Amino acid sequence: MRVVNQPIRKKDAMALVTGKPVYTGDLVEKNALVVKLLHSPHANAIIQEIDISVAMKVPGIEAIFTYKDVPQKRFTMAGQTYPEPSPYDRLIMDQHVRYNGDIVAIVAGENEKAVNKAMKLIKVKYDVLPAVLDFRTAKDNETLVHPEENWIANCPVGADNKRNLCAHEVSGHGDIDAVMADCDIVMERTYHTKANSQAMMETFRTYTYMDTYGRLNILSATQIVFHVRRIVAQALDIPKSKVRVTKPRIGGGFGAKQTSVTEVYPAFVTWKTGKPAYLVYSRKETQTSGCPRHEMELTVKIGAMKDGRIRALEVYTLSNTGAYGEHGPTTVGLSGHKPIPLYNKYQEAHRFSYDVVYTNVQAAGAYRGYGATQGIFAVETIVNELAAELKMDPVALRELNIVREGQVMPAYYGETCNSCALDRCLAATAERIKWNEKYPCKDMGNGKIRSVGVAMSMQGSSISNCDVGGATIKLNDDGFYALHIGAADMGTGCDTVLAQMAAEVMECDVDNIIVYGADTDISPYDSGSYASSTTYLTGNAVADACTKLRESLQKIGASIMGCGVEETGFDGKKVYRLEVMEGEKNEVSLVDIATASMVNNYYETQFTSMVSSPVSPPPFMVGMAEVEIDTETGDIKVLNYEATVDCGTPINPNLARVQTEGGIGQGIGMALYEDITYGADGAIAENSFMQYKIPTRQDVGRIHVEFEASYEPSQHFGAKSIGEVVINTPSPAIAHAVYNATGVWFRELPITPEKILKGLQEKNK
């Protein structure tokens, strides 16, 4: 291929390095009202009285809104395809505040100084209630997080607000109990992953204004323009036709901006006052009133034979959705449906069950990996524990059991694995890290030990039978193309990748493709940039639309030349006769076709394609970590991380490699540094980067990424996703390496030096 599978530079690369990209804040009018939110200091309370009279007297204050002023229409902030699986359990503001950080008042003023002063003058009297802070005690707790009668569940996900349940399900295949009973060895372990903050550079922010036609315009750093339109219309109880949502450049999302965290509040201010409004979350608000990764506790049971054949897997997940149900019913599914199919070869039975519970802590949301990250940590760790129990090399154990191309995967919705290079990924990674030489560990002297660990992962490529990818391609009058998409580029380079696909079909340079997106008034419908869907699904829409345009161009050219379409060819610049005819017109340029289409309206030069997929082909990855541990202090350093990815055809190998390296860095942060803890009042202690530790480049060691390409037949260019699968292996691989160095299993993240030292001391007693 000429353009696809080539390391094309990002279309916005030069603009980025020269400081030219336009973010939300760059587009705000100078006279926009400054909007800030007053947050609850209590985890569970009823507002008895709220007095804004003194605050309203502050010069420059435009409006202060409380629960008394908002529509009593519940909604969810989760950016998901309608009908949303998440219950409708929110109001814009509620008299009942459900976590330390919940919204109590919206303050809008002419300047920040006035707003800050008014915030301090709002007097609130609370009736403080008992709070459910431990998610292990939430189910059927006498304290209900959502006792209200107008709580709504639109989908049958097993939700029951009278039991603090946001979702519940049991699924499986085969007789799990009988197979387990027939296994030589059965192991059961429990693993705990904490909440993690996405820690994107650009915090949540939204700018809103009314246009000439009385429509509410929302400019926001969001991954989900079409879902935001629906969410805001539902929350404000206004027609969707009155709302337009556009996305400027985004300074990182990682799933956080799949939740409509800030859009509703300035939108409400603008709708009420008619004035433009701008809300920016501080880093503290982003950490404490955002939408972090779900805390999960996973109990895994595995049944195997002495020769290493894994015959049965059972996973029970307890997931903490927090005070609201955003993404709770959907995230949890990946904790079982992604790790269990990895061991498909000899698997005779599996069972996957889960409970998602409400608690009085910050509501969780979407974060890269979306539940698979937690599930893979648990399942990959118990497989490594099984290898230790069997005294078997964990790489050999995986080679024996991994899913192979052509196999049906019962735990993955019964899909057939039509593209899979997982075996080659495993072999290549082991060779590069020199697994046979370094496993399990080497004593370096001075109390330092170096060791290696391994893990595998898989993800998906869009949500099958649900997500929609959309693209419109148009020939412009001087022969270049405009590509309109509804997917949101978050810095991942999807504008470039989709332009490469268009350029491949149209046989032109990438510079001839101008990409526009995402705008609910102009872009074709697209579910949004999440669920690893853009390259696979929106890419198919781009290819389909371009194929239609290409066919139309040949028809137009043939018509102009007065010959049959079958007599013509297309080379990206012109339509030409396959056989030159003397005295006849033998070629028609794109400029000529574009000009002709402007005076003959039966010449069609714009096409839209919207596609869904009945399957979600999984990408695969193998990661191996080499660490050094100081047994005297517990200090741990990641020296080397080798990774091999099967994402089908990498559309842009450079961007795919950078995606992988970034995901591995985030995964190392989850494994070793990132932690969220709650005080007795439900307050998050890690409310800034002084407390919430994320790794720098110096903390992640050497990261080396390679690709083992397969070919996915359901995608136009054989591509699968890569955005999420890359974050899943570091936690279990590092936990395995720590065991190989210390002989201690750590089943709770993060694995800190203090925990390592304590584990060594207890082991050596």
Side-chain angles (χ1 to χ4, degrees), residues 24-25 27-41 47-75 77 90-97 101-126 203-220 228-229 231-239 242-245 260-282 284-285 289:
T24 304
L27 301 173
V28 177
E29 293 182 24
K30 292 183 179 179
N31 66 339
L33 295 173
V34 174
V35 178
K36 292 199 174 187
L37 307 178
L38 181 66
H39 300 274
S40 167
I47 299 173
Q48 289 186 327
E49 298 176 14
I50 183 164
D51 184 356
I52 63 171
S53 58
V54 178
M56 280 298 299
K57 294 176 182 178
V58 175
I61 291 299
E62 175 72 25
I64 299 176
F65 300 107
T66 71
Y67 73 90
K68 300 175 184 178
D69 305 304
V70 302
Q72 297 300 297
K73 191 170 183 179
R74 296 202 175 268
F75 65 99
M77 286 185 175
R90 277 188 183 268
L91 297 174
I92 298 174
M93 288 175 289
D94 201 329
Q95 188 175 6
H96 186 173
V97 288
D102 212 345
I103 313 304
V104 175
I106 307 170
V107 184
E110 295 175 0
N111 56 72
E112 190 170 3
K113 184 177 180 181
V115 172
N116 286 338
K117 184 175 181 180
M119 296 265 285
K120 297 175 182 177
L121 296 174
I122 298 173
K123 304 298 181 185
V124 188
K125 184 178 180 181
Y126 298 94
T203 60
F204 299 104
R205 56 197 61 203
T206 302
Y207 168 54
T208 56
Y209 62 94
M210 302 298 293
D211 66 18
T212 307
Y213 306 101
R215 299 177 72 222
L216 175 63
N217 280 247
I218 300 172
L219 186 70
S220 190
V228 166
R229 180 176 64 182
I231 291 165
V232 170
Q234 172 78 13
L236 272 59
D237 198 15
I238 61 177
K242 291 289 186 180
V243 182
R244 178 187 184 185
V245 183
S260 181
V261 172
T262 53
E263 286 83 359
V264 169
Y265 306 108
F268 184 73
V269 170
T270 294
W271 188 254
K272 285 293 188 180
T273 66
K275 296 183 177 182
Y278 183 41
L279 169 62
V280 179
Y281 258 20
S282 66
K284 179 179 178 180
E285 287 176 303
S289 298

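Along the sequence shown, residues are numbered consecutively beginning with 1. Values in this document were obtained by computation on a predicted structure and should not be read as measured data.
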One pair to check against side-chain contact (heavy atoms from CB on, under 4.5 Å): Val243 and Arg229. What are the steps and the verdict? CA-CA 6 Å; Val243 182; Arg229 180 176 64 182; 3.9 Å; yes

Are the side chains of Trp271 and Val232 in contact, using a 4.5 Å heavy-atom criterion? no

Test item: Glu285 side-chain N/O and Ser282 main-chain N/O as donor-acceptor pair under 3.5 Å: yes

CD1 of Ile238 to CZ of Phe268: how many Å apart, nearest 0.5 Å? 10.5 Å

In this structure, OG1 of Thr208 is separated from CZ of Arg244 (nearest 0.5 Å) by 14.0 Å

Can you tell me if Lys117 has over 12 outside heavy atoms packed within less than 6.0 Å of its NZ? no

Do Arg74 and Leu91 come within less than 4.5 Å of each other through their side chains, counting heavy atoms only? yes

May I ask you to test the Thr206-Tyr265 pair for a side-chain heavy-atom distance under 4.5 Å? no

Could you walk me through whether Val34 and Tyr278 satisfy the side-chain contact (heavy atoms from CB on, under 4.5 Å) test, starting with their C-alpha distance in whole Å, then the side-chain angles of each, then the deciding distance to 0.1 Å, before giving a yes or no? CA-CA 5 Å; Val34 174; Tyr278 183 41; over 6 Å; no

Quick one: does Ser40's side chain have a donor or acceptor within less than 3.5 Å of a partner on Asp102's backbone? no

With rounding to the nearest 0.5 angstrom, report the CD1 to OG1 distance, Ile103 to Thr262. 10.5 Å

Validation row: Val107, Ile122 side chains within 4.5 angstrom (heavy atoms): yes

How close do Ala235 and Pro71 get, heavy atom to heavy atom, and via which atoms? O-CG, 3.6 Å

Could you go step by step and tell me if Lys68 and Ile50 meet the side-chain contact (heavy atoms from CB on, under 4.5 Å) rule? CA-CA 10 Å; Lys68 300 175 184 178; Ile50 183 164; 4.1 Å; yes

Backbone of Arg215 reached by a side-chain donor or acceptor of Asn217 within 3.5 Å: yes

Output yes when a side-chain donor or acceptor of Asp69 lies under 3.5 Å from a complementary backbone atom of Thr66, and no otherwise. yes

Within-4.5 Å side-chain heavy-atom neighbours: Leu279 and Leu37: yes

Looking at CG of Asp51 and CE of Met56, how far apart are the two atoms once the value is rounded to the nearest 0.5 Å? 12.0 Å

Of all heavy-atom pairs linking Ala118 and Ala55, the shortest is O-CB, 3.4 Å

Once you round to the nearest 0.5 Å, how far does CD of Glu62 lie from OG1 of Thr273? 5.5 Å

Do Lys36 and Glu112 meet the salt-bridge criterion of a basic N to acidic O distance under 4.0 Å? yes

Note, Met93 side chain near Ile106 side chain (heavy atom, < 4.5 Å): yes

To check you understand the geometry: which heavy-atom pair defines the closest contact between Ala267 and Leu236, and what is its length? O-CD2, 3.8 Å

Thr203 side, atom OG1; Lys284 side, atom NZ - distance, nearest 0.5 Å: 14.5 Å

Verify side-chain contact (heavy atoms from CB on, under 4.5 Å) between Ile47 and Asp94, making sure each step is shown before the conclusion. CA-CA 9 Å; Ile47 299 173; Asp94 201 329; over 6 Å; no

Where Gly101 and Ser289 come nearest, the two heavy atoms and their spacing: O-OG, 3.0 Å

Taking the side chain as every heavy atom from C-beta outward, state whether Phe75 and Ile92 have any pair of such atoms under 4.5 Å apart. yes

In short, Val269 meets Ala277 closest at the heavy-atom pair CG1-CB, 4.0 Å

With no hydrogens and no angle check, do the side chains of Ser220 and Glu263 hold a donor and an acceptor under 3.5 Å apart? yes

Is the closest side-chain heavy-atom distance between Met210 and Thr270 below 4.5 Å? yes

Heavy-atom pair of closest approach, residues Val115 and Gly109: CG2-N, 3.4 Å

Is it the case that Glu29 and Tyr207 place a side-chain donor and acceptor less than 3.5 Å from each other? yes

